[in-house]
Number of protein chains: 2
Amino acid sequence: MHSFTEENYLKTIYHLSQLNDSPVQTNAIAEGMKTRAASVTDMLKKLSDKQLIDYIKYQGVTLTDKGKTTAVSVIRKHRLWEVFLVEKLKFKWDEVHEIAEELEHINSGLLVERLDEFLGFPKRDPHGDPIPDHNGIFEPDQNIHLHEMSRGDKGVIIGVNEYTSAFLKHLERLGLTIGILIEIEEIADYDGSVELLVDGKKINVSKEVTQRILVNYK
Amino acid sequence: MHSFTEENYLKTIYHLSQLNDSPVQTNAIAEGMKTRAASVTDMLKKLSDKQLIDYIKYQGVTLTDKGKTTAVSVIRKHRLWEVFLVEKLKFKWDEVHEIAEELEHINSGLLVERLDEFLGFPKRDPHGDPIPDHNGIFEPDQNIHLHEMSRGDKGVIIGVNEYTSAFLKHLERLGLTIGILIEIEEIADYDGSVELLVDGKKINVSKEVTQRILVNYK
DNA sequence: TTGAATATTTAGATAAATCTAAAAATTTTC
DNA sequence: GAAAATTTTTAGATTTATCTAAATATTCAA
Ligand SMILES: [Mn+2]
Ligand SMILES: [Mn+2]
Ligand SMILES: [Mn+2]
Ligand SMILES: [Mn+2]
């Protein structure tokens with residue numbers, strides 16, 4: 001069995017490895033885990049001994065199949081619990097991430113499968129992130145970051161990639177929640193901010209925000 | 001905030017202090033926590049520093065109000081999660097205790113209250129144990145151990161005080177589950193075993209079992 | 001009431017996860 | 001292709017929770 005800490009490292013490494021296909025670096029992990037590089041090196045040795053990562057000194061790490069399976073399993077639990085909290089316990093989408101950080105480490109295979117069934121095998125969590133199935137398979141993703149879209153493009157907001165309460169509440173005030181149809185009216189050269197058409201109204205959104213919104217567009 | 005370990009010590013001390021009104025002894029805690037007396041002494045100093053227990057060397061411990069509140073809160077969570085697992089996720093009563101041992105440490109006040117509401121404010125867990133309410137108040141208990149009853153007494157099984165799968169499955173095979181009406185037919189002097197009338201049938205039950213069954217009798 | 005048995009605490013180690021500071025390797029820049 | 005900047009690792013501590021073995025306190029029982 002793996003400690004909470006080991007699981008969190010694997011999850012962090014998994015998310016970082018999704019950003020590009022080069023090995024994940026020590027400092028990036030340290031930032032993700034809010035710890036020091038020296039501590040990361042210590043843990044990388046341990047994860048390597050357990051064959052959860054491939055690790056070459058100074059060269060960064062990649063997850064082994066075993067490591068990837070573990071990481072995906074933790075992510076599956078995280079996202080299923082978030083669905084439970086929002087759908088069954090009436091939490092807001094900005095209130096669930098921290099609690100799911102704890103629940104994701106509960107260790108019972110039967111529990112996960114029963115929870116999945118109880119929730120009706122959801123495909124997405126409350127932030128639009130795909131939930132891996134029993135076999136670790138994700139629903140295919142053809143998302144694009146809002147800030148990568150062009151003038152005139154339309155699409156549906158399908159997810160975010162920041163989960164702080166502050167950010168999610170900000171989006172709600174702007175009316176930018178999952179499932180909302182948006183259209184790019186204008187992009188400002190000056191600061192990269194974007195004017196959107198949402199529900200017939202024009203709103204202005206900073207680059208900080210557009211970088212953190214995922215859109216499904218056709 | 002308290003570590004999982006601290007919470008488990010408090011819970012163990014709470015349960016032991018229910019057995020009689022003298023201070024709880026180091027060895028009893030060691031047995032309950034499946035650890036060594038020396039480790040218990042270490043932890044008692046820590047809990048005492050945090051004002052969760054009153055501790056006098058060699059004289060055993062009692063919980064402070066603060067300690068009792070914490071222990072009861074953990075027990076509340078444990079039992080609510082057990083109800084959730086059985087009522088919503090279709091677990092058997094012998095499958096939930098270990099998982100609840102993990103879930104009881106999830107740290108969110110809002111979560112507990114929402115879960116309680118979602119479950120319809122249950123008064124008892126799947127093993128018949130009372131669930132403390134929001135303020136830590138338990139439903140009053142007028143239970144008696146089955147082995148304390150006399151020939152001819154009748155009552156309804158209302159709880160157990162062992163939660164291992166082996167024991168609970170044994171009870172199920174015997175037909176001795178929560179809510180079942182029983183009558184004492186005979187008590188054997190020789191080994192303390194008891195002949196019960198259950199659902200019109202006579203069954204014989206060992207003292208090991210009768211000591212672990214709680215009955216509500218009038 | 002004193003010696004034996006039992007219970008508890010102390011002393012000193014160990015393992016996991018972390019840290020700071022310093023050393024070493026790698027990458028970037030000129 | 002060196003020197004500088006950056007990144008990573010090592011060395012050595014620290015904290016938490018545990019352990020064994022030895023010392024000490026308490027309780028029991030003759
Ligand atoms: Mn989340
Ligand atoms: Mn986590
Ligand atoms: Mn239980
Ligand atoms: Mn526990």
Side-chain angles (χ1 to χ4, degrees), chain A residues 1-13 16-17 19-63 67 70-71 74 101-102 104-105 107, chain B residues 1-17 19-63 67 70-71 74 101-102 104-105 107:
Chain A
M1 217 22 55
H2 312 112
S3 70
F4 286 20
T5 306
E6 286 167 5
E7 289 189 352
N8 286 336
Y9 269 93
L10 292 174
K11 200 168 56 124
T12 296
I13 294 166
L16 289 169
S17 70
L19 301 181
N20 57 62
D21 47 2
S22 48
V24 177
Q25 294 187 294
T26 302
N27 270 351
I29 298 168
E31 191 185 353
M33 290 292 298
K34 295 186 202 304
T35 188
R36 300 300 185 145
S39 308
V40 173
T41 302
D42 289 341
M43 181 57 78
L44 294 184
K45 283 174 195 156
K46 188 178 167 192
L47 295 175
S48 184
D49 287 348
K50 290 193 170 191
Q51 317 216 41
L52 293 161
I53 59 173
D54 289 317
Y55 170 49
I56 306 167
K57 265 194 207 178
Y58 293 100
Q59 302 305 307
V61 296
T62 53
L63 292 173
T70 305
V74 175
E101 283 294 322
E102 299 188 37
E104 71 188 4
H105 303 291
N107 179 24
Chain B
M1 214 23 53
H2 313 112
S3 70
F4 286 21
T5 307
E6 287 166 7
E7 289 189 350
N8 286 337
Y9 269 92
L10 292 173
K11 199 167 56 126
T12 296
I13 294 167
Y14 179 88
H15 286 310
L16 290 169
S17 70
L19 300 181
N20 56 63
D21 47 2
S22 48
V24 177
Q25 296 188 293
T26 302
N27 269 350
I29 299 169
E31 191 185 352
M33 291 290 301
K34 294 187 202 303
T35 187
R36 298 302 184 142
S39 308
V40 173
T41 302
D42 289 341
M43 182 57 78
L44 294 184
K45 284 176 195 157
K46 189 177 168 193
L47 295 175
S48 184
D49 286 347
K50 290 194 171 189
Q51 317 216 41
L52 292 161
I53 59 173
D54 289 317
Y55 171 49
I56 305 168
K57 265 194 205 176
Y58 292 103
Q59 301 305 308
V61 296
T62 53
L63 292 173
T70 306
V74 176
E101 282 294 323
E102 299 188 37
E104 72 188 3
H105 303 291
N107 180 24

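So that the names make sense, note that chain A is the first sequence line, chain B the second, and so on, each numbered from 1. For the numbers below, each heavy atom of this structure counts, side chains included, while hydrogens, waters and symmetry mates do not. Just so it is clear, the structure is predicted and the values come from calculations on it, not from any experiment.
- Scanning all heavy atoms of the two residues, the minimum distance from Thr12(A) to Gly32(A) falls at CG2-CA, 4.1 Å.
- Proximity of Ser3(A) to the phosphate of dA16(C): no side-chain N or O atom is located under 4.0 Å from OP1 or OP2.
- Regarding Lys45(B), its NZ atom lies at a distance of 14 Å from the P atom of dT8(C), rounded to whole Å.
- Just one of Ile29(B), Asp54(B), Ile56(B) meets the side chain to side chain contact (heavy atoms under 4.5 Å, CB included) condition when paired with Val61(B); it is Ile29(B).
- In terms of phosphate contacts, Asn27(B) brings no side-chain nitrogen or oxygen within less than 4.0 Å of OP1 or OP2 of dT6(C).
- Taking atom OH of residue Tyr58(B) and atom P of nucleotide dT27(D), one finds them 11 Å apart after rounding to whole Å.
- As judged by a 4.0 angstrom heavy-atom cut-off over every strand, Ser39(A) is placed among the base-contacting residues.
- For dT8(D), one of the phosphate oxygens OP1 or OP2 lies less than 4.0 angstrom from a side-chain nitrogen or oxygen of Gln25(A).
- Counting to the nearest Å, the C1' atom of dT18(D) and the CD1 atom of Ile29(B) are 16 Å from each other.
- Phosphate contact (OP1/OP2 of dA16(C), side-chain N/O of Thr5(A), threshold under 4.0 Å): absent.
- Taking the six-membered ring where the residue is Trp, Phe4(B) and Phe4(A) present perpendicular rings, their angle passing 60° and hence far from 30°.
- Per the geometry, CD belonging to Gln59(B) stands 19 Å off P belonging to dT24(D), to the nearest Å.
- If you find the closest nucleotide of DNA chain C to Ala37(B) and to Ala38(A), the one lying nearer the 5' end belongs to Ala37(B).
- Among the protein residues, Thr41(A) comes within range of the nucleic acid bases, having at least one heavy atom under 4.0 Å from a base atom.
- Across all strands, Phe4(A) comes closer than 4.0 Å to no nucleic acid atom at all (heavy-atom distances).
- Between Met43(A) atom CE and dC19(C) atom P the separation is 11 Å, expressed in whole Å.
- For the atom pair Leu52(B) CG and Tyr9(B) OH, the distance stands at 14.0 Å (nearest 0.5 Å).
- The residue among Glu6(A) and Lys57(A) whose nearest nucleotide of DNA chain C lies closer to the 5′ end is Glu6(A).
- Lys50(A) approaches His2(A) most closely through the heavy-atom pair NZ-CD2, 4.4 Å.
- Atom-to-atom, CZ of Arg36(B) to P of dT9(C) comes out at 16 Å; the value is rounded to the nearest Å.
- OP1 or OP2 of dT9(C) has at least one side-chain nitrogen or oxygen of Tyr55(B) nearer than 4.0 Å.
- Rounded to an integer number of Å, the gap from Lys34(B) NZ to dC19(D) P is 13 Å.
- Nucleotide dT10(C) holds its C1' atom 9 Å from the CG atom of Asp42(B), rounded to whole Å.
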